[in-house]
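See structure below.
Given the structure is predicted, the values throughout are model-derived calculations rather than measurements. Values reported hereafter were calculated over all heavy atoms of this structure, with side chains retained and with hydrogens, waters and symmetry mates removed. Sequence lines set the chain letters: A, B, ... in the order given, protein chains first and strands last, and positions in each chain run from 1.
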Amino acid sequence: MEKQIYFDNGSTSWPKAPGVAQAMSELLMKGAFNINRGNYEGAYEVEGIVLDTREQLARLFHARDSRRVLFSPGITYSLNTFIKGFLKPGDHVIVTGIEHNAVMRPLRQMERLGVTYDVARTDTEGTVLLEDIEAFVRPCTKAVIVSHASNVCGTVTPIKEIGEICRRRHIFFVVDTAQSAGTLDVDMEKCGIDFLTFTGHKGLLGPQGIGGFLISEALDSVMEPFVAGGTGSQSDSFDMPEKLPDKYESGTMNLPGIIGLHAALSYIEETGLEEIHRKKMELAGYFIEKIKELKDIRIVGRQGTEGRTAVVSLDFEKADNAVAAFTLESEYGVMTRVGLHCAPLAHKTLHTYPQGTVRFAFSASNTKEEIDICIEGIKRLI
Amino acid sequence: MQKTQHYVLFPNHDNAMRLYRELKKMGVRAVIAPTPRVLSTCCGVSLLIEEEDIERIQQCIKEHGIEVLKIEAIERDINPMRDKYC
């Protein structure tokens, strides 16, 4: 086996965007100065790139003010920031049947403190039933939290419609863009999103360990920072600053991560989100058509390319999914992700619990030739 | 000889960087500098500016919604002639 074929871009994208590794390396080699602390030219230069990155993210997610772009170690931290920083005993939230454990585990922790939640059902393809969201709203409902695209089957959640419900019912709207940022156009304003969480290392093609969130003015005015500590500002006080970004950015930030993300976002801006999405979906469509020709394999979720991302999950009906994934990797060099994908709720919804699925997540760097090799491998398995 | 220096003070670094960037675009002189302790006990940064630019800077602050604490003037307290006796 000579070639390594990477189809695990749902876990983390690889290869990263051109320039990411170089930018990070340059920072570490030439001056990894700390921002908000260091009062010298080198630190101000790094601070300038951090500001550029906030502006890139504001453009990407159509936010009016880049001051509302906050960094965190990743989307899990961002979701915890909301769930633990905002929700109080007695509050109720609505989630969907495709949520990741990044939502479900902190919610379960909060349930022990008196927060309640309902799970809106989905259809057999993983599309949330909007009528459930409407029906679950109670006087104490504070938020709807949804995954924009399923990390298991790629089905896209109609966030614009859910945003309209939230606005009408005066509920905060939280969106997890782990599988959609860098692939789909996510418009914070049009979709009425109050808390948009993102990670830098998947579709945004940046390094691991950097992510963040964008917060609306209304939510910011009532939310407490989940983490408190030094910010390099108002250092004479034990109280957390109220100003953004300091309110939510305690401690030294992952500056190599932000600098890497800046390079990745520059690449995405140059290439164009639509072009990246077109390439990914062309590959996903090619793969799906080839799989449909085979027996004893079930494509989980949507059967075509409409309303989905380039994440495709397969259930090998006559083979153990883990053995199938292991064989693809060891004999054909095809790297996938097998199991429950940290999303047992989604697998229960999609009737793939507990066996899980083998997930193929394509990037714009993949090729049809790689898919052909993978399909040959799959044919030997069934 | 003492010289008056003018500083824009901010609640945080982010706002300082934002104003610095806008002033640079306008061609207005500004230098990022640590906030003199006499002006604030905070460990933040300030922009050292020229007195004649204050009006334009205030306009820029307003236009871009940049949050500042105040613009302050102090006498430069480092005597360049210190320790020189001849």
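- Rounding to the nearest 0.5 Å gives a distance of 3.5 Å between NZ of Lys243(A) and CD of Glu67(B).
- For Arg18(B), the parts sitting under 4.5 Å from any heavy atom of chain A are the backbone and the side chain alike.
- Of the atoms belonging to Glu55(A), it is side-chain heavy atoms, and not backbone ones, that fall under 4.5 Å from chain B.
- Within the 4.5 Å cutoff, side-chain heavy atoms of Asn15(B) are placed close to those of Arg67(A).
- Of all non-hydrogen atoms in Gly48(A) and Arg21(B), the two that sit nearest each other are O-NH2, 2.9 Å.
- Counted within 6.0 Å of CD on Glu274(A), heavy atoms from surrounding residues, nucleotides or ligands total 12 or fewer; the atom is thus considered open.
- Interface remark: Pro245(A) contributes backbone and side-chain atoms alike to the contact with chain B (heavy atom separation under 4.5 Å).
- Tyr77(A) OH: 12 or fewer foreign heavy atoms inside a 6.0 Å radius.
- Within a 6.0 Å radius of CZ in Arg168(A), more than 12 heavy atoms belonging to other residues, nucleotides or ligands are found.
- Under a cut-off of 6.0 angstrom, the local environment of CD in Glu275(A) is crowded, with over 12 non-hydrogen atoms contributed by other residues, nucleotides or ligands.
- Across Asp14(B), Ile32(B), Val31(B), the residue that shares the most heavy-atom pairs under 4.5 angstrom with chain A is Ile32(B).
- A 6.0 Å sphere centred on CD of Glu269(A) holds more than 12 heavy atoms belonging to other residues, nucleotides or ligands.
- Around atom NZ of Lys24(B), no more than 12 heavy atoms belonging to other residues, nucleotides or ligands sit under 6.0 Å away.
- Annotation for Glu63(B): atom CD counts as buried by contact number, over 12 foreign heavy atoms lying within 6.0 Å.
- Comparing Val50(A), Asp65(A), Asp52(A) by how many heavy-atom pairs each has under 4.5 Å with chain B, the most go to Asp52(A).
- Contacts of Ala33(B) with chain A are made by backbone atoms alone, with heavy-atom separations under 4.5 Å and no side-chain atom involved.
- No more than 12 heavy-atom neighbours from other residues, nucleotides or ligands sit within 6.0 angstrom of CD on Glu51(B).
- Closest of all the heavy-atom pairs between Ser233(A) and Pro11(B) is CB-O, 3.4 Å.
- Interface summary for chain B: among Leu51(A), Asp246(A), Leu244(A), Thr231(A), the most heavy-atom pairs under 4.5 angstrom belong to Leu51(A).
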